[in-house]
Amino acid sequence: MSGHLTVLQQFPVPRPTTNPYLVMLADHLRAVPGVSVQNFSWRGALLGRYDAFHIHWPEILVSGHTPLKQFLRQCLTVLLVIRLAITRTPIVRTVHNVELPQGISRVEVALLRFIDRRTDFRITLNETTTLPENQPSLLIPHGHYREWFARHPRAAQQDGRFGYFGLIRRYKGVETLIEAFRSAAATTRGLSLRVGGKPSTTELADTLTALAGEGDDVLLDLHFLGDDELVDIATSSELVVLPYRFMHNSGSTLAALSLDRPVLVPDNAVNRLLEAEVGPGWVHRFSGELDAEALLSAMEHVRASARGPVTFIDRDWDLGAARHVEAYRRAIAARRGTPAPTVRAAR
């Protein structure tokens, strides 16, 4: 199967707040000969012509800022899935998250499971992702951010500076980071912490502000970060800390490493594999709840380690785009009952 391929991506025309992962994916797919990418609109999804529908975060389809908007989106989602079934158009999903979002309604859960059952092909970002039995899939590692951030100037590193950047949600443990930092700073001089990102709720923002206190050793930038601000926070830090209570795939980890900054992340199978990939001294891990001892120990190891250049394996975006095309064509072949193309083995 080698004809022209049109893929509908789940996200609309990019805005400044769009995840760079999505923007880079679409840009590199459009650079592949014979491939067209459509950005999402309900009109285009329901009435347009395309060969495959690529979902990233299905919960976005069934959520809304008001009850009416949410109800309308849920109705449209059901119509879309029915339309895809009738036209034999496959759903391809990138498995960014392995569990359903917390705090959603039973209707949202039912719809997400409906979409999940209808999914024809899955793209995994790391080899530890568990998939449904007999589910066709392809491993395509999350691309790096080197080119994306290259146009922004880097800040001078601040000795003793811990940094955090990214959207702030409860499961990411930023409150625990501030508390651990406060304990560490009480025993060790010359430390500072800078936290940047938009909290998911005003209550969470208030909690972080109260924990930070009035001292000048904790700096909070509680808003959506532009790329220049993200680069400034990351590169001014001696160690980037991502204190997630659960981490499976993390663009923030790859962003920090793309900016040549060591990271402290939860100890799990994904991060152990990443540590082996990028080389010694770049990925440091903590177990359980982050505390002052883990922060200070990681900083000590950062200062003592001899680090070579960060090594990324199979995270080039041109290679990733080619593999996405292979995934789409395999999904289309399976849905239409035609022979599947041969997929190249991972390098």
Side-chain angles (χ1 to χ4, degrees), residues 9-11 19 21-22 25 40 53-65 70 73-74 77-78 80-81 90-143 164-177 197-201 203-204 241-255 263-275 283 285-290 327 331:
Q9 293 287 341
Q10 184 195 352
F11 54 95
N19 189 324
Y21 172 89
L22 301 176
L25 173 60
F40 188 87
F53 179 39
H54 188 175
I55 292 178
H56 295 271
W57 290 278
E59 58 269 22
I60 295 174
L61 292 173
V62 299
S63 63
H65 295 300
Q70 184 175 49
R73 281 188 171 186
Q74 291 169 354
T77 296
V78 173
L80 174 58
V81 175
I91 295 176
V92 177
R93 180 188 169 191
T94 295
V95 187
H96 294 275
N97 300 320
V98 294
E99 297 181 354
L100 291 174
Q102 297 180 347
I104 62 176
S105 69
R106 283 184 287 184
V107 173
E108 288 173 283
V109 170
L111 286 172
L112 291 177
R113 288 177 175 165
F114 176 49
I115 295 170
D116 200 57
R117 289 193 299 271
R118 176 61 183 77
T119 297
D120 299 279
F121 198 94
R122 295 172 204 263
I123 293 170
T124 58
L125 300 175
N126 68 73
E127 60 188 71
T128 72
T129 302
T130 302
L131 298 178
E133 189 175 357
N134 299 321
Q135 173 71 72
S137 67
L138 183 61
L139 170 64
I140 308 176
H142 191 307
Y164 171 93
F165 58 83
L167 296 177
I168 301 174
R169 297 186 171 95
R170 290 287 182 185
Y171 81 91
K172 294 189 175 183
V174 180
E175 318 98 287
T176 304
L177 169 59
K198 183 177 181 180
S200 57
T201 65
E203 293 79 10
L204 181 53
V241 184
L242 301 172
Y244 295 16
R245 297 184 174 96
F246 175 81
M247 177 182 285
H248 187 68
N249 295 301
S250 171
S252 294
T253 303
L254 290 172
V263 294
L264 176 61
V265 291
D267 182 16
N268 59 30
V270 176
N271 289 330
R272 288 184 215 119
L273 288 171
L274 183 60
E275 179 181 0
V283 176
R285 296 174 280 113
F286 68 91
S287 299
E289 193 90 338
L290 181 70

Are L100 and R113 side-chain neighbours, meaning at least one heavy-atom pair lies under 4.5 Å? yes

Closest non-hydrogen atom pair between N268 and N271, with its separation: OD1-N, 2.8 Å

Side chains of P136 and D120: closer than 4.5 Å at any heavy-atom pair? no

Expected list for residues 242-251: side-chain donor-acceptor pairs under 3.5 angstrom, two or more places apart:
residue	atom	partner	partner atom	Å
R245	NH1	R170	O	2.3
R245	NH2	T176	OG1	3.1
H248	NE2	T129	OG1	2.7
N249	OD1	N126	ND2	2.6
N249	ND2	V95	O	3.2
N249	ND2	H96	O	2.9
S250	OG	S252	N	3.4
S250	OG	T253	N	3.1
S250	OG	T253	OG1	2.9

Distance check, rounded to the nearest 0.5 Å: L204 atom CG versus R169 atom CZ? 10.5 Å

Report yes if some heavy atom in the side chain of F121 is under 4.5 Å from a heavy atom in the side chain of L138; otherwise report no. yes

Least distance between heavy atoms, S105 atom then E108 atom: N-OE1, 2.9 Å

Run I123 and H56 through side-chain contact (heavy atoms from CB on, under 4.5 Å) and show every step you take. CA-CA 10 Å; I123 293 170; H56 295 271; over 6 Å; no

Would you say the side chain of Y21 lies within less than 4.5 Å of the side chain of L254, judging by non-hydrogen atoms? no

Give the C-alpha distance, both sets of side-chain angles, the deciding distance and a yes or no for side-chain contact (heavy atoms from CB on, under 4.5 Å) between V265 and E275. CA-CA 10 Å; V265 291; E275 179 181 0; over 6 Å; no

Nearest heavy-atom neighbours spanning S63 and I60: OG-O, 3.4 Å

For atom CD of Q135, decide whether the heavy atoms of other residues, nucleotides or ligands shown that lie under 6.0 angstrom number more than 12. yes

Any heavy-atom pair between the side chains of V107 and Q70 that's under 4.5 Å? no

Closest contact, heavy atoms only, N97 versus R93: O-NH2, 3.2 Å

Taking C-beta and beyond as the side chain, do V62 and F114 meet within less than 4.5 Å on heavy atoms? no

Could you tell me if the side chain of I55 sits less than 4.5 Å from the side chain of L61, heavy atoms only? yes

Of all the heavy-atom pairs spanning P101 and L112, show the shortest one and how long it is. CD-CD1, 4.0 Å

How far does CD1 of I91 sit from CG of L80, to the nearest 0.5 angstrom? 7.0 Å

With heavy-atom distances below 4.5 Å as the criterion, would you say the side chains of F40 and F53 are in contact? yes

Rounded to the nearest 0.5 Å, the CG atom of L274 sits from the NE2 atom of H142 at a distance of 11.0 Å

Y164 and V241: which non-hydrogen atoms are nearest, and at how many Å? CD1-O, 3.3 Å

Mind checking the CD1-OG1 spacing from I140 to T124? Nearest 0.5 Å is all I need. 8.0 Å

First locate atom CD1 of I168, then atom NZ of K198, and finally report the distance between them rounded to the nearest 0.5 Å. 11.5 Å

